[in-house]
Each structure stands twice: as structure tokens, then as C-alpha cells.
2 protein chains.
Amino acid sequence: MGSDDTPAPGAATRESATRARTRRAILDAAVSVLTADHSASLGDVAEAAGVGRTTVHRYFPERSDLLAAIGTDVRDRVAAASERARLDEGPAPEAMERLCLEYFELGDRMLLLYDVPQFVAWSGIEEESAADLALLALVRRGQQDGTLDPEVDVSWLQDVMWALLYAAWIQARDQGTPKHTALSLCLRTLRKAVAP
Amino acid sequence: MGSDDTPAPGAATRESATRARTRRAILDAAVSVLTADHSASLGDVAEAAGVGRTTVHRYFPERSDLLAAIGTDVRDRVAAASERARLDEGPAPEAMERLCLEYFELGDRMLLLYDVPQFVAWSGIEEESAADLALLALVRRGQQDGTLDPEVDVSWLQDVMWALLYAAWIQARDQGTPKHTALSLCLRTLRKAVAP
DNA sequence: CCTTTCTGGAACAGAGATGTTCCATTGTGG
DNA sequence: CCACAATGGAACATCTCTGTTCCAGAAAGG
């Protein structure tokens, strides 16, 4: 590593395949380590990723850079999940279930984002993402056509969905419930909870 | 403070009124500070409690002692709340709502216990507390007399209750919803979610 | 095969938290 | 009022994490 780490100082340089792989390994390891302990050290992350602590610093100069990268990563995955769910198609409750299914796959990452507010702060995730807006529109649509409970606030319905997903993850993690079972419990309960 | 801090070395000595007050101030401050930032320093706790850092150390020699004390404190409050709810009286769904009402009052403390697993580990809270068992019995009773959904697992129903409480706290904290409103949303949703 | 890229380890300085000791001061209670 | 309990602050050693630099060796890639 004789000289310069950032090959093209000012431009958006494409990463080599090797670097991309290492980068992803660090990111994934960070998610799983930080999920277990929010204040884990960068040394722990490096060890879990199977790389040297120096290498972690090479990719993410400061701790906050790593956290921000995790935040951005999750943001992208959420956006992709939201699109795959095609929230504007079909009956609202079913669209909501499709969304749950997609979000459920994100697993650990969402838990992390939820209770470490710094990820959001560092990575420039704004209050209202496209995914949030799409869900908001979905709920409004469902309330208007009478398929969703019209008496509760939109943000509450949204919180309930997150809470039930959270419960399903916990159920799978702590009780050893198979993931598909936990998910189906989640969907069943959500269906009743959001019904008019 | 010339000499000895633990007046009677081996016995269960009753604390003086002064010490009891200081102890509680530190404990309460610790809860509110750690809620905001799980890795806050003991200096922060001391400042919030309005005492010197030395004093904190006098009451809780090591950091883990403080965390354990918080855990024990919450455990006691949960037990008291569970008893006040009189889970063995009246219809199961209403008993469950009484419990929610009691738990909701515990607020911050529960959130803390939920996502800082060390509290549980340090303070000797066992897996199955009396409160857990009482809730378990309540759910069984409700399922047998047909007032609670019999198709879902007991532990799931339990998780759902916690999840909705969590959602209500978040709603109050982040959305600025008045507490009583958040609670009534929580109860309304729970009622539908646990219905057969 | 040989050059460039990439990596791991060691060694270092600085910051912050922890836990300890000692002492002067305040206050509480008898 | 006076003895003793209780406190706050300063000073200290220690520890861990962080972020940095430098270099030798492994791995890619032409």
C-alpha cells in the first residue's frame, strides 16, 4: 500500500471487484456485530469480517463513516423492497402484507436502524423517504375504500406494522420459531389489527 | 467520609433516609440518561442526578452494579404492576388491557430493558418471572373460554402486547401524540389483534 | 512473470471513561 | 451544639478505543 488510497481524488471512481467484495464483507459483519452489541468496537467488526482493523479504517476512515454506510445501505434496501411490493396495485391489505413480506427479509438490519438513531443522522436519510410516502398513500387509499380501519391515524398504522415485524423477528430469534411461522403469525395479526 | 462506607459489613443494613433518597435520584437519572444514549458515561449520570461522580461510585462501585440495580428496579416495578392488574379477575381481554395500562406507566424503563440486554443479564432476572407466569395463565384462560384467539401461540400473543406497547411509546415520543391518545390507540389495536 | 493493488500487523499518540484515594466541607440527627 | 454521616472535588493510574503511519508480504491482473 505504498502511496495513495483514493485512486482518483475528485471523481466517482468505480471500485475494483476485490474492493467491492471486501467492502461488503465489512458492511455485513458490522451489521451482525452491531446488532448484538450497539457499542461494539471496530476491532470486533474487523474480526467478524475476517479482515485487519487497518483495512476497516481504509474503507471507512472514521467510525461515523461506517455507520453512515450502513444507514445508506439499509435505505437502499428499503427502497428496493418497497418497489418490489408494488404498493399501488391490488387491495390495500394485501399490498401491506406484500410489504411486510419484503421488509421481513431485511431482518437484523431494520432492528439496527430502529434503535440506533445515529445511523439515520449520519447517512442523510431524510424524514420522508419514497418508501414512507408510498406506504402513506397506500394507507390513505385503504382507508378511503373501506379496507383499512379509518378511525386510527396513518402514522399509528405504520407504527403497528413495524411493531409487529419487530415482534416477529424477536419471536424467531429468541423463541426459535421458524421464520416462516413467525412471519405468518405476524401477517395474521396484522390483518386483524388493521381491519375496519 | 472518614472511614467505612458499608456500616455493617455482613448484614442487611437498612439505609438512612438520606442515602435512600440519593440512591433513588441516581437510579432515576441513570434511567433517563441511558434511555437517551445507551453508552452515556457515569459522569453524565452523575450530572443528571445532581451529584458528584464520586458519589455515584460510592453507591454503585462498578458500572455493572448500576446497570444491575436498574434491572432489579424495573423487575420490581413490573411485578407490582402485574399484581395491581389483578390478572385472575374478570374477562381475559379486559384483564389484559388493565395490564397494558399498568405497563404503559413504566414507560422509558421498559424500553431500556428491552434493548439493553445487559440489564437482564447483570441483575439476575430469570426467564420466567411471576409476572410472566401470571400473563401466561391469563392467556390460557382467555383461550379456553373463547375470549382470546386460540390459534396463536401464547408467547406470540405476549410478544404482540409488548410490541404494541412499544409502538405506543414510540408514537408518544416521536410523533408527539398525547400519552392517553397513544394508549387508547394501543388498547384499541390490541383488542382487535387478540380477538378470536 | 512482473507490476500494481490490496492487505495485515506492529507501533504510536491522543482522547475519554473507569475506578481509586484522600481531604475539606456540608448536613443531619441526637 | 456537636459528633458523625454524607458529599463533592481534585488528583491519579489504568484501560480501551480510536485514528494514524509505515512496511513487508500476499493476491490480482496485465
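Protein chains get the first letters and strands the later ones, always in sequence-line order, with residue 1 at the start of each. Nothing here was measured: the structure is a model prediction, and the numbers come from that model.
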> Counting side-chain heavy atoms from CB outward, which of C/dT18, D/dG19, D/dG8 is closest to A/Glu62?
Replying inline: D/dG19
>> Does either side chain, that of A/Thr177 or that of B/Trp156, offer a donor lying less than 3.5 Å from an acceptor on the other one?
In response: no
> Which whole-number value in Å describes the distance from B/Arg53 CZ to D/dG8 C1'?
Replying inline: 12 Å
>> Rounded to whole Å, how long is the line connecting atom CZ of A/Arg58 with atom C1' of C/dC6?
In response: 7 Å
> D/dT20 P sits how many Å from A/Leu42 CG, rounded?
Replying inline: 12 Å
> Touch check for A/Arg63, heavy atoms < 4.0 angstrom, all strands: base, sugar-phosphate only, or nothing?
Replying inline: sugar-phosphate
>> Using the side-chain heavy atoms of A/Tyr59, tell me which of these nucleotides is nearest: C/dC6, C/dT20, D/dT18.
In response: C/dC6
> Less than 4.0 Å between a side-chain N and a carboxylate O, is that true for B/Asp108 and B/Arg173?
Replying inline: no
>> Under 4.0 Å between a side-chain nitrogen and a carboxylate oxygen: does that hold for B/Asp28 and B/Arg109?
In response: yes
> Do A/Arg24 and A/Asp73 sit within salt-bridge range, that is, some charged N less than 4.0 Å from a carboxylate O?
Replying inline: yes
> Of all of residues 22-35 of chain A, which get a heavy atom below 4.0 angstrom from DNA chain D, listed by number?
Replying inline: none
> Counting side-chain heavy atoms from CB outward, which of C/dT28, C/dG19, C/dG8 is closest to B/His57?
Replying inline: C/dG19
> Could you go step by step and tell me if B/Leu165 and B/Met110 meet the side-chain contact (heavy atoms from CB on, under 4.5 Å) rule?
Replying inline: CA-CA 10 Å; B/Leu165 272 174; B/Met110 301 304 310; over 6 Å; no
>> Could you walk me through whether B/Gln171 and A/Ser155 satisfy the side-chain hydrogen bond (donor to acceptor under 3.5 Å, both in side chains) test, starting with their C-alpha distance in whole Å, then the side-chain angles of each, then the deciding distance to 0.1 Å, before giving a yes or no?
In response: CA-CA 8 Å; B/Gln171 179 84 8; A/Ser155 74; 3.0 Å; yes
> How close or far is atom C1' of D/dT18 from atom CD of A/Glu47, stated in whole angstroms?
Replying inline: 17 Å
> Rounded to the Å, how far apart are A/Arg21 CZ and C/dT5 P?
Replying inline: 17 Å
>> Side chain of B/Arg19, heavy atoms from C-beta onward: which of D/dT7, C/dG8, D/dT18 has the nearest atom to it?
In response: D/dT7
>> I need the CG-C1' distance between A/Leu67 and D/dG19, as an integer number of Å.
In response: 15 Å
> Could B/Asp88 and B/Arg141 be called an ion pair, given the rule that one side-chain N must be under 4.0 Å from one carboxylate O?
Replying inline: no
> Do the side-chain N or O atoms of A/Thr55 get closer than 4.0 angstrom to the phosphate oxygens (OP1, OP2) of C/dT7?
Replying inline: no
> Which nucleotide in the set D/dC17, D/dA10, C/dG8 lies at the smallest distance from any side-chain heavy atom of B/Thr54?
Replying inline: D/dA10
> To the nearest Å, how far apart are B/Asp37 CG and C/dA17 P?
Replying inline: 10 Å
>> In whole Å, I'd like the distance from the CG atom of A/Leu66 to the P atom of D/dT18.
In response: 10 Å
> What nucleotide, of C/dC6, C/dT7, C/dA17, holds the atom closest to the side chain of B/Ser41?
Replying inline: C/dA17
> Mapping B/Gly43 and B/Thr18 onto DNA chain C by nearest heavy atom, which one lands closer to the 5' end?
Replying inline: B/Gly43
